[in-house]
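Written out below as structure tokens is the structure these notes cover.
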Amino acid sequence: MESAASKSAQLTANAAEALPAGALEAKLELAEKEGRQLRVKLGLDPTAPDIHLGHSVVLTKLREFQDQGHRVVLIVGDYTARVGDPSGRSETRPVLTTEEIVANAASYEAQAGRILDQDPERYELRYNSEWLDMSMADLLTLVRTTTVAQLLEREDFANRYRSGAPISILELLYPLMQGYDSVAIASDVEIGGTDQTFNLLLGRDIQRHYGMAEQAVMTMPILTGIDGVEKMSKTKGNEIAIEASADEMFGRTMRLPDEAMAGWFDLLAIPSPPDVTGPRDTKVALSKAIVTRFHDAAAADRAEAQFVSQFVEHEIPEEVDTFRFEASGGSIHLPMVLAEAFGISRSEARRLVEQGGVKVDGDAVDSCDLDVSAELLSGAVVQIGRRRFKRFEPNR
RNA sequence: GGCGGGAUGUCCGAGUGGUUAAAGGAGACGGGCUGUAAACCCGUUGGCUCUGCCUACGCAGGUUCGAAUCCUGCUCCCGCCA
């Protein structure tokens with residue numbers, strides 16, 4: 001039997017922090033002694049419908065807990081989403097409608113299932129509206145646990161307060177609500193990104209006020225987006241969704257700046273290839289590993305081949321969507337048909353032609369020829385830039 | 001309750017009567033280059049029936065030959081003092 005110490009060491013291997021020191025190990029020991037599972041909590045913020053690689057870091061960590069026999073309690077923050085987590089933000093989040101939240105939550109659960117073990121013995125899903133839709137009296141009890149000074153210790157609040165930027169009461173309430181989630185589900189461990197450290201630790205205080213054992217806290221480093229700088233997030237458009245196609249996953253990973261690769265290997269728990277290879281090959285290996293994880297090895301090979309053909313050798317891809325155009329007249333006004341085919345405005349189409357960005361069967365269109373013959377387009381592959389293709393077929 | 005600040009294009013943010021479709025930055029897109037959908041360089045970035053026209057600087061009016069810029073009212077947001 002493995003010791004609690006070694007299990008703890010294993011779990012914290014690529015974590016940022018495990019707080020307070022020794023707490024996780026103590027929890028593991030306790031669980032073993034009492035012969036029970038640990039309840040490991042993760043709060044999900046259903047403000048965007050897609051799970052991306054950033055979420056996968058934490059979810060994969062939860063999976064490790066499951067593989068050691070523990071129980072993951074996923075909390076869909078359907079109620080807290082009405083408040084908006086201010087973590088790391090300089091402004092108040094927009095509030096979602098109930099319908100959006102419900103739809104996002106459903107999609108979240110389905111996607112989380114790709115990483116987590118959904119065996120009911122080891123998996124529990126809860127919505128925090130279940131307990132946060134509380135009476136005023138209960139809210140007052142909750143609010144009594146914490147002071148404004150405590151909340152203002154949090155870096156983003158402190159910064160905003162100092163600079164005279166607005167802080168809404170709603171936002172101050174968020175950490176309290178999240179902490180109450182820990183009370184409601186009696187969590188033993190809570191996991192989150194390093195930007196959650198304050199909230200996770202406050203959860204301990206709140207549990208204590210309610211006379212409960214305090215949770216251990218584990219934070220995971222934040223995965224950068226494909227820009228290699230900012231936190232991966234849908235809003236910034238630098239994410240790789242775990243539902244993305246193999247080609248998209250591969251290509252987007254190839255966009256990652258070389259310097260950011262090491263962090264990705266570490267956080268995504270992908271073994272680094274031998275360092276005899278150059279950065280290009282390293283990045284290819286990373287891309288293939290990611291595609292393999294969410295699709296399979298064959299898909300990774302195909303994605304690589306596709307990438308090489310399209311972006312290295314600049315070939316027209318084999319499979320191109322067909323666009324049917326009206327070829328009744330003899331000549332076609334290019335901006336019009338491009339706008340229709342690619343969903344851009346005619347002005348934009350005109351600009352693209354002027355910049356030499358439009359190719360028909362590989363040849364750039366002359367900017368003087370805004371009207372072309374229908375025959376030229378018939379059966380041709382029209383290309384905008386390096387990434388957008390459509391096969392034109394006359395509509396007859 | 002009092003005082004003050006603010007609302008500009010996808011975002012941030014200049015601009016206080018006239019070459020302003022609106023500086024600058026970010027983002028995005030196109031081209032070049034490249035191991036790369038990286039970096040770097042160049043360019044573009046409201047729409048259209050495109051040597052011109054239309055729409056746009058919170059909303060509604062007004063002044064003016066002419067307003068994002070001045071005036072009036074309204075809506076919303078924020079800070080400070082009490």
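In what follows, chains carry the letters A, B, and so on, assigned in the order in which the sequence lines appear, proteins first and then strands, with residues in each chain numbered from 1. Since we're looking at a predicted model, the values are computed, not measured.
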Examine B:G47: is either OP1 or OP2 under 4.0 Å from a nitrogen or oxygen in the side chain of A:R351? Give yes or no. yes
Distance check: side-chain N/O of A:R388 vs OP1/OP2 of B:G30, anything under 4.0 Å?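 Yes, within the criterion.
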Quick one: label [X] by what it contacts on the DNA or RNA (base, sugar-phosphate, nothing), any heavy atom closer than 4.0 Å.
X	result
A:G251	base
A:S345	sugar-phosphate
A:D247	base
A:V284	nothing
A:I384	sugar-phosphate

Reference residue A:S187; test side-chain hydrogen bond (donor to acceptor under 3.5 Å, both in side chains); the match among A:K41, A:E214, A:Q215: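 When side-chain hydrogen bond (donor to acceptor under 3.5 Å, both in side chains) is applied between A:S187 and each of A:K41, A:E214, A:Q215, only A:Q215 qualifies.
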What is the pairing partner of [N], taking Watson-Crick or G-U wobble pairs with both distances under 3.5 Å in any strand?
N	value
B:G58	B:C74
B:C65	B:G18
B:C29	B:G43
B:C48	B:G52

Less than 4.5 Å apart, side chain to side chain, heavy atoms only: is that true for A:V72 and A:E124?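 Of all side-chain heavy-atom pairs linking A:E124 with A:V72, none is under 4.5 Å.
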Nearest whole angstrom, please: distance from the [atom2] of [N] to the [atom1] of [X].
X	N	atom1	atom2	value
A:R280	B:G35	CZ	C1'	5 Å
A:E313	B:G35	CD	P	13 Å
A:L352	B:U44	CG	C1'	9 Å
A:E171	B:C78	CD	P	11 Å
A:R386	B:G31	CZ	C1'	8 Å
A:R387	B:C29	CZ	P	6 Å
A:K283	B:A38	NZ	P	9 Å
A:E230	B:A26	CD	P	13 Å

Which whole number of Å gives the distance between the [atom1] atom of [N] and that of [M]?
N	M	atom1	answer
B:C33	B:A14	C1'	34 Å
B:U64	B:C42	C1'	43 Å
B:U16	B:A22	C1'	14 Å
B:G15	B:A7	P	10 Å
B:A23	B:U8	C1'	13 Å
B:G13	B:G25	C1'	8 Å
B:C77	B:A28	P	33 Å
B:G18	B:A68	P	11 Å

Of the nucleotides [options], which has the atom closest to the [X] side chain?
X	options	value
A:P166	B:A38, B:U36, B:C78	B:C78
A:D258	B:U36, B:C48, B:U34	B:U36
A:S347	B:C48, B:G35, B:C78	B:C48

A:Q355 (side chain) and B:G43 (base): donor-acceptor pair under 3.5 Å: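 Such a pair is found, so the answer is yes.
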Both A:H314 and A:R346 contact RNA chain B. Which one's nearest nucleotide lies toward the 5' end? A:H314
Could you pick out which residue, A:P335 or A:Y161, lies toward the 5' side of RNA chain B when each is mapped onto its nearest nucleotide? A:P335
Taking a hydrophobic cluster as the set of Ile, Leu, Val, Met, Phe, Trp and Tyr residues connected by side-chain heavy atoms closer than 4.5 Å, whether directly or through intermediates, do A:V320 and A:L377 fall within one such cluster? no
Looking at A:I169, I want to see if its CD1 is surrounded by more than 12 non-hydrogen atoms of other residues, nucleotides or ligands under 6.0 Å. no
Does the separation of the ring centres of A:Y210 and A:Y180 fall below 6.0 angstrom?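 Ring centres of A:Y180 and A:Y210 closer than 6.0 Å.
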Aromatic ring proximity A:F157/A:Y161, centre distance under 6.0 Å: no
Scan side-chain atoms only and decide if A:N14 and A:K61 contain a donor-acceptor pair under the 3.5 Å cut-off. yes
